[in-house]
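Sequence lines set the chain letters: A, B, ... in the order given, protein chains first and strands last, and positions in each chain run from 1.
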Protein chains: 4
Amino acid sequence: MNSEPESDIKREVAAKAEARGTRQKIVAAAIHEFAHHGIDGARIDRIAKSAKVNKAMIYYHFDSKDNLYLEVVTSFYKNIRQRAEEIVLPSETLEEALGALATLHETMFASDDYARPIMLREMADPRPEVLEAISAVFRSASIPQKIATLLGDGMDRGEYRHTDIHQALLAFASMSIYYHMVTPFINRLLGIDDPRQFAAERPKVIIDIFLNGLKVR
Amino acid sequence: MNSEPESDIKREVAAKAEARGTRQKIVAAAIHEFAHHGIDGARIDRIAKSAKVNKAMIYYHFDSKDNLYLEVVTSFYKNIRQRAEEIVLPSETLEEALGALATLHETMFASDDYARPIMLREMADPRPEVLEAISAVFRSASIPQKIATLLGDGMDRGEYRHTDIHQALLAFASMSIYYHMVTPFINRLLGIDDPRQFAAERPKVIIDIFLNGLKVR
Amino acid sequence: MNSEPESDIKREVAAKAEARGTRQKIVAAAIHEFAHHGIDGARIDRIAKSAKVNKAMIYYHFDSKDNLYLEVVTSFYKNIRQRAEEIVLPSETLEEALGALATLHETMFASDDYARPIMLREMADPRPEVLEAISAVFRSASIPQKIATLLGDGMDRGEYRHTDIHQALLAFASMSIYYHMVTPFINRLLGIDDPRQFAAERPKVIIDIFLNGLKVR
Amino acid sequence: MNSEPESDIKREVAAKAEARGTRQKIVAAAIHEFAHHGIDGARIDRIAKSAKVNKAMIYYHFDSKDNLYLEVVTSFYKNIRQRAEEIVLPSETLEEALGALATLHETMFASDDYARPIMLREMADPRPEVLEAISAVFRSASIPQKIATLLGDGMDRGEYRHTDIHQALLAFASMSIYYHMVTPFINRLLGIDDPRQFAAERPKVIIDIFLNGLKVR
DNA sequence: GATGAATGAGGTTTCATTCAT
DNA sequence: AATGAATGAAACCTCATTCAT
C-alpha cells in the first residue's frame, strides 16, 4: 500500500540508467565493427555479441543498421568536433595557427583507431550528411579561416608571396593530414620504424617548409 | 587449306579470344562494382548482370568473390604501374622530378573514377598483398628514389637546407596526392567550382612552395 | 500472483518448449530425409518444408547441414542405445543371452524404418564419430561381453568346443543382424513372402544352430 | 590420291581404341567416386579430373550421371558375376559347397575397395534394377541352389536335422558375408588387429559351426 | 572424339529485421 | 527493456548438362 509510485520512479530511473548503458555498449561495439568492416561488412550479430546485448535491442534503440551507422558516425564526429573546439587558437602568429591545425589533425586521429578507417571509407563513398558533418568540424574549428586570414594579411604586408589562398591552405593541410590518414601504408613504403617519433617531428618540419616556401626572400 | 591442325589453332584462338572477352567484361564490371560498393557491398549478381555474363561464369573464371576482388585489384595496380613506368623521368633537375611525381599521381587518379574509391578502401583495411602491390607501383616508378637522391645531393651542395629526407619526400607527396584522394570533400569544403583548373594549377604551386621551402636563403 | 519473476519463468518455459518443439520437428524431418537420401542427397529445403519450419531455423538451431546430420545421427544412436540398455539381460544361460542379443538387433531395426538405411550408409563411409557411437551401443549393452563370458565358461567346462571367441561371437551376431540389415534384398532373393514370420522364427533357428554347432558331442 | 580410305580406317580404329581407353578411364574414376561418395555425393567434375578426361566426354559416352552410375554399377556386378562363375563348384560334399560360397563372398569383396561401399549404398536405397543384378550374381553362381540341394538331401538322409532351408542357407550366408560388409566396424568393435588373418580363419570356423549345428547327434 | 566456355536451375547459407513473451 | 525464436529475401556458390568449335 505504500510506495508503489516511488518504486516505479526508481525502476524508471534504473531502467534509464541501464538503457543508457545499453546504448553506450552498442555504440562502442558498433564503432569498432564499422571501422573494421565498413557498413556493408558490419554484422549486427557481431555488434550484439561484442556488446553483450540482445540483437533485438539494437533495433529497439536504433531502428535499423543504417540508422545505427549514422548515429554512430555523427556522434563520432561530434566527439571530434568537440575536441577540435577545445584546441585553443593561441596567439596571433601564422606559425602558431599552423601548429594548431597540425594538433587538430593529430587529435582527430590519435584518439582512437577508428577515425582513420571510418573517415577513409566515408571519403570513398561520401554521403552528403557525413561530408557535411566533417566539413562542420573544420569550419567550427575556425582554424582554417584564421590561417587564411593571417596568410592573406602576410601577403598584403609583403611578407609572403602572393599565392592562391586555397592552394596554399590545402598544401599545408595535406602535409599535415595525409600521413595520419595512410599511416600503415607510408610506414611500410618508407620503412619507418618508429611512427610515433616520425609523427612527433613532423609538425615542425612541415611548418618550416610551408612558411619558408611562401616567404618573400 | 583445310588442314586440321590449322583449324585447331583457329579454334583455340577464337575460344581464347572469347574467353578473354568474357574475363574482361567481368573485370570491367567488377571494378565498377567494387569501387562503388567495396568488397562487402559488391554483389555478384550485379556484376554478372552489368557484364552481361552468366553468374556462374564469374566462378568459372575467378573461383570466388574474394578472389575476383583480388585479381581485379591487383590487375588494376599492374595497370597503374605500367602507366607509371611510362612516365619518363625527364632530366636532371629536382623540379622536373617533382613534376614527374605530380604527373604520376595525376595519372593514377585521372585514368578513371575507380582509383580513388578503391585505394581509399584498401587503405581503410589494408591487405598485405595489396599494400605490397601499391608499394611496388611507387618503387618501380623509381621517381621517389630519384627525388630523394637529387634532394640529398642538393643538401650536400648547400643548395637545400638539411632536412630529413623521408619527411621532405612525404611532404611533397602529400601535397601532390591528397587532393586527388579526397577531391569531392575538398571541393565541397573549400567551395571549389572548377576542380579541373584547380588541379591543373596545383603542381606549379606545390613545387614552388616545396623548393622555396627547402632552399637556403 | 502476478510477480514478475514467476511470469519470467513461465515465459522461458514456454519459449523453451516451443524451441524444443521446433528442434524436434526438424530432427524428425531430418532423420526421414537423411535415411531416404543420405547426407548428400538430402535437401535442407525439403527438411524445412516437411517440418513446417522456416529454412533459416535449421541453421539457427543446427548451424549447418553437416552438423544437423551429425546431431541427428548421434541422437538416433543415443536413442537406440537407451532402448538397448532397457533390454534386461535375463538369466544365466547362454541361450538366454543369445536371445537377448537377437532381441536387441530386432529392437534396433524394428523401431522405425530409418535404422537400416542410416546404418548402412554410415558403414559405407564410416565417420569415426559415428562408428564410435555405434560401438558404444553394443559395449554399453554389455550383452556381447556376457555372451563371451558364458561361452568361455562353457568351453572351460568342456561343454562347448574350443573356438576363437571373437569368431564365434561374430558368427552369431552375423546370423542375427544380417537379415535385418538387408531385409529387402534377402526377401527378394529368397522369395520370402512373409518377412514378419520369417523374422519371428529366426532367433530360435539361429540359436539352435549356434549352440549345437559349438556343443561337444 | 592413294590410301585415304585406308587412313580413314586407321583413324577410326585408332579413334575406337582411344575411345575405349577414354571410356575405361572414366569408368575407373567413376567407380572410385561413386564408392566414396555415393551417387548424390559424386561429382562429375571430380570424375573427369581424376580420369584426366574432358567433362563433356563423360556425357558424350554416358549421357547422364545417372546413366554413368548405372553402367558403372552393372558392369561392376557383371565383373563380379563373371568371377563368381569361375569359382568351380567342386565336388559333391556340402562342406565343399559351403567353402565355395565363402570363397565367392571373399572374391566379391577382396577384389577391390569399392564393392563394400557400393553394395552397402545400394542396400540402403535399393533400386530394383540393381537388386536384380545382385540377385543374378547369386543365382547364376548356382552355389546357393547346390547348397540347398545338398542340405535338403542330407536332411532326407537323416544326416541333418530338419530345418527351414531358407533359414539355414541364410544363416550360413550371413556368417560368411557379414564380416566382409562391415569389416572396418567389426575390426574396431572387436579390436581385431590382423583382419587378413581373421578373415582367412573364418571359413573353417563357420563351416564347422554350421555343419555341426545341423548334424543329427 | 575432344575441348573450354557457357548455362540455368537450384543448393546451402546469411542476414537484417520482427515477433511473442 | 529484454530475450530467444522466427522470418523472408537474397547472397554466394555449385553442378549437371549443353554448346561451339
**Asked** Between dT21(F) and dG1(E), how far is it from one P atom to the other, in whole Å?
**Response**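 These two P atoms come out 22 Å apart once rounded.
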**Message:** Check this one for me: any side-chain N or O of His61(C) less than 4.0 Å away from OP1 or OP2 of dA5(F)?
**Reply:** no
**Prompt:** Hey, does the side chain of Thr22(D) come within less than 4.0 Å of dG1(E)'s phosphate (OP1/OP2), counting only N and O?
**Reply:** no
**Prompt:** Looking only at atom types and distance, does a side-chain atom of Lys78(B) sit under 3.5 Å from a main-chain N or O of Val73(B), one as donor and one as acceptor?
**Reply:**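 No, because the side chain of Lys78(B) does not come within donor-acceptor range (under 3.5 Å) of the backbone of Val73(B).
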**Request:** Answer yes or no: is there a donor N or O on one side and an acceptor on the other, between the side chain of Arg46(A) and the main chain of Glu33(A), under 3.5 Å?
**Result:** no
**Prompt:** Using a 3.5 Å cut-off on both pairing distances, which stems of three or more Watson-Crick or G-U pairs include DNA chain E?
**Reply:**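 Detected stem regions: E:2-21 with F:2-21.
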**Asked** Going through the checks in order, is the salt bridge (Lys or Arg N to Asp or Glu O under 4.0 Å) test met by Glu71(B) and Arg23(B)?
**Response** CA-CA 11 Å; Glu71(B) 290 214 23; Arg23(B) 274 188 78 100; 3.0 Å; yes
In this structure, how many angstroms lie between the [atom2] atom of [N] and the [atom1] atom of [X], rounded?
| X | N | atom1 | atom2 | result |
| --- | --- | --- | --- | --- |
| Ile47(D) | dC15(F) | CD1 | P | 12 Å |
| Met57(A) | dC19(E) | CE | P | 14 Å |
| Ile58(B) | dA11(F) | CD1 | P | 13 Å |
| His37(B) | dA11(F) | NE2 | C1' | 15 Å |
| Tyr60(B) | dA16(F) | OH | C1' | 15 Å |
| Lys52(D) | dG1(E) | NZ | C1' | 20 Å |

Atom [atom1] of [X] and atom [atom2] of [Y]: how far apart are they, to the nearest 0.5 Å?
| X | Y | atom1 | atom2 | value |
| --- | --- | --- | --- | --- |
| Met123(C) | Arg116(D) | CE | CZ | 9.5 Å |
| Met119(C) | Phe76(C) | CE | CZ | 7.0 Å |
| Asp40(C) | Phe34(C) | CG | CZ | 10.0 Å |

**Complete:** Expected string for nucleotides 11-18 of chain E under the B/S/- scheme (protein heavy atoms, under 4.0 Å, primed atoms plus P, OP1, OP2 as sugar-phosphate) is SBBBBSBB
**Prompt:** After noting the C-alpha distance and the side-chain angles of Asp63(D) and Leu68(D), does the key distance pass the side-chain contact (heavy atoms from CB on, under 4.5 Å) rule?
**Reply:** CA-CA 7 Å; Asp63(D) 292 337; Leu68(D) 172 62; over 6 Å; no
**Item:** Side-chain heavy-atom pair Tyr59(C), Ile44(C) within 4.5 angstrom cut-off
**Value:** yes
**Message:** For the CG atom on Asp113(A), are there more than 12 heavy atoms of other groups (residues, nucleotides or ligands in this structure) within a distance under 6.0 Å?
**Reply:** no
